[in-house]
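The structure appears right after this line, and notes come after that.
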Amino acid sequence: MEELSDPFLDDRVMKNVAPPPRYPMEHQKLFPKKNLPDWKALKSHLTKEGRLSKPDVIELTNLFRDIIKNEPNIVKLNDPVTIVGDLHGQYYDLLKCLEVGGNPENTKYLFLGDYVDRGSFSIEIVLLLMALKINFKNTIVMLRGNHECRQMTTNFNFKKECEVKYDAEIYNLFMETFDCLPLSCSINEKFISLHGGLSPDLKKIEDISIISRFQEPPKNGLMCDILWSDPIEKDEDAKNVLYMPNSARNCSYIFGAKATKPFLEKNKFLSIVRAHETQLEGFKMHKWNKDIDFPSVITIFSAPNYCDVYGNKAAIIKINNNMINIEQYNYSPHPFILPDYMNIFNWSIPFVSEKISEMLMQIIKKQDLEPNPNNESKIIEENVTESLRMKVKIITVLMKMFRTLREERELIMKLKGFCPGNKIPRGILIQGPKALKSALERYKNAKKLDEDNEMMPKDYK
């Protein structure tokens, strides 16, 4: 029998892909100086799909939290500064973003939130950004997004990612840390940056300063709105809009020119820079103020090919001397993660089971065809034949189930997500892929009809 290859003997099939680090990063390499992580070494380690030990994650997170909890709700920056929108767990695109945006050692960065969920590398993003913040306290600013909360990370995949890569304690530590993130940033006192947008409760910028931010975001009110609200989509419809209910978000508002222009004038701002919405080109300029040739609202989105399917570009904003420059970039290749963070053993079970079923089928067929040398009675032969028929029938059903499991793995994962208790309906696997797709459509329709119950819970605080 051929010996299994050893990835550490340089005999990998894919020689151009280095194996992931075998062990967590050594503490001394992460912290060569006390309380100051080596962010470059960490970036290299995480890029290779390396992990940190749990004690080091805790230490890094506590150092980061001690810094941000003392920052005001509105952080003040002067340009030049690079502004980054949603990243959503796309760590390898963050690396491209830092390459385009400038070396963090001599570049100011403002991150507008939504570091986690959707992508499979949210923890890597959080760890690297925390290390950058600890090293460059005054030039790296991280704001809170609507996904940096328990409600969203439980509904999407960040909680699952934490439990797979570490445990529930690390997840809770991240959530407590997200509660400390600032909510807004003023640049040159000319641009106001936040994740979402305006609120009917936001008259003057000082209103943000008095928010009690150390909490899970509430389901309504000022804190909710600056994380969730959106500008009106079509510029031609904006001039007569103040605020409208935001049905797409099932909370907060859509705001237009009637809300934006007086807010900017009263607070002497030139523009609102925000994230929160995917854009085909990575950005969108909302030019609602005809008195000046400058956008009233700028939306920036920094996760290219969002969720690996959108095909959108990503962008960042560079502000210098109150002038804005937008730079775009495309997505970067990233390691493939099995659905639901499944390990290779569990993922391969349907393949193995299908092959075993085929072997059993061949054995049973062979037994069925063999003559009876002992000339037993016809009744016994009929009983044996019937028994074999039942076995064949059962094996056939098993083969169909395993084939469906193998070929429709991702579809099954989606279906499980729609079902109570993460269990697919009984009998669906036996019916094959068509039944799965039909069931998924039914559950999607049911989910749509059940949208009211999918909103923030009434007792959510």
Worksheet item: Checking Arg274 side chain against Gly196 main chain: does a donor-acceptor pair fall under 3.5 Å?
Response: yes
Worksheet entry | Spacing of Ile272 atom CD1 and Ser296 atom OG [to the nearest 0.5 Å] | 7.5 Å
Discussion item. When you measure from the side chain of Asn312 to the backbone of Tyr306, do you find a donor-acceptor pair of N or O atoms at a distance under 3.5 Å?
Written reply: yes
Fill in: Donor-acceptor contact present, side-chain Asp86 to main-chain Ser302, <3.5 Å
no
Worksheet item: Can you name the salt bridge (charged side-chain N to carboxylate O under 4.0 Å, His left out) partners of Glu99, sequence neighbours left out?
Response: Lys96
Item to complete: For the residue pair His88 and Phe301, categorise the inter-ring angle as parallel (less than 30°), tilted (30 to 60°) or perpendicular (more than 60°).
Response: tilted
Response to the item:
Those residues at least two apart in sequence (or on a different chain) that pass side chain to side chain contact (heavy atoms under 4.5 Å, CB included) with Asn305 are Asp308, Tyr331
Worksheet item: Do the side chain of Asn135 and the main chain of Pro37 share a donor and acceptor less than 3.5 angstrom apart?
Response: yes
Discussion item. If we ignore hydrogens and angles and just use 3.5 Å, is the side chain of Glu277 paired with the main-chain N or O of Asp230 as donor and acceptor?
Written reply: no
Worksheet item: Does the Gln328 side chain pair with the main chain of Gly282, one donor and one acceptor, at a distance under 3.5 Å?
Response: no
Worksheet item: What pairs with Arg213 under salt bridge (charged side-chain N to carboxylate O under 4.0 Å, His left out), at least two apart in sequence or on another chain?
Response: none
Item to complete: Working to the nearest 0.5 Å, report the span between OG1 of Thr139 and NZ of Lys108.
Response: 8.0 Å
Discussion item. Using only atom types and a distance under 3.5 Å, with no angle test, would you say the side chain of Asp207 pairs donor to acceptor with the backbone of Lys203?
Written reply: yes
Item to complete: Please state whether the rings of His276 and Trp228 are parallel, tilted or perpendicular, taking 30° and 60° as the class boundaries.
Response: perpendicular
Worksheet item: Side chain of Asn172, backbone of Glu169: donor and acceptor closer than 3.5 Å?
Response: no
Item to complete: Quick one: sort the Phe255 and Trp288 rings into parallel, tilted or perpendicular, breaks at 30° and 60°.
Response: perpendicular
Worksheet entry | Whether Tyr92 and Phe121 hold their rings parallel, tilted or perpendicular, with breakpoints at 30° and 60° | perpendicular
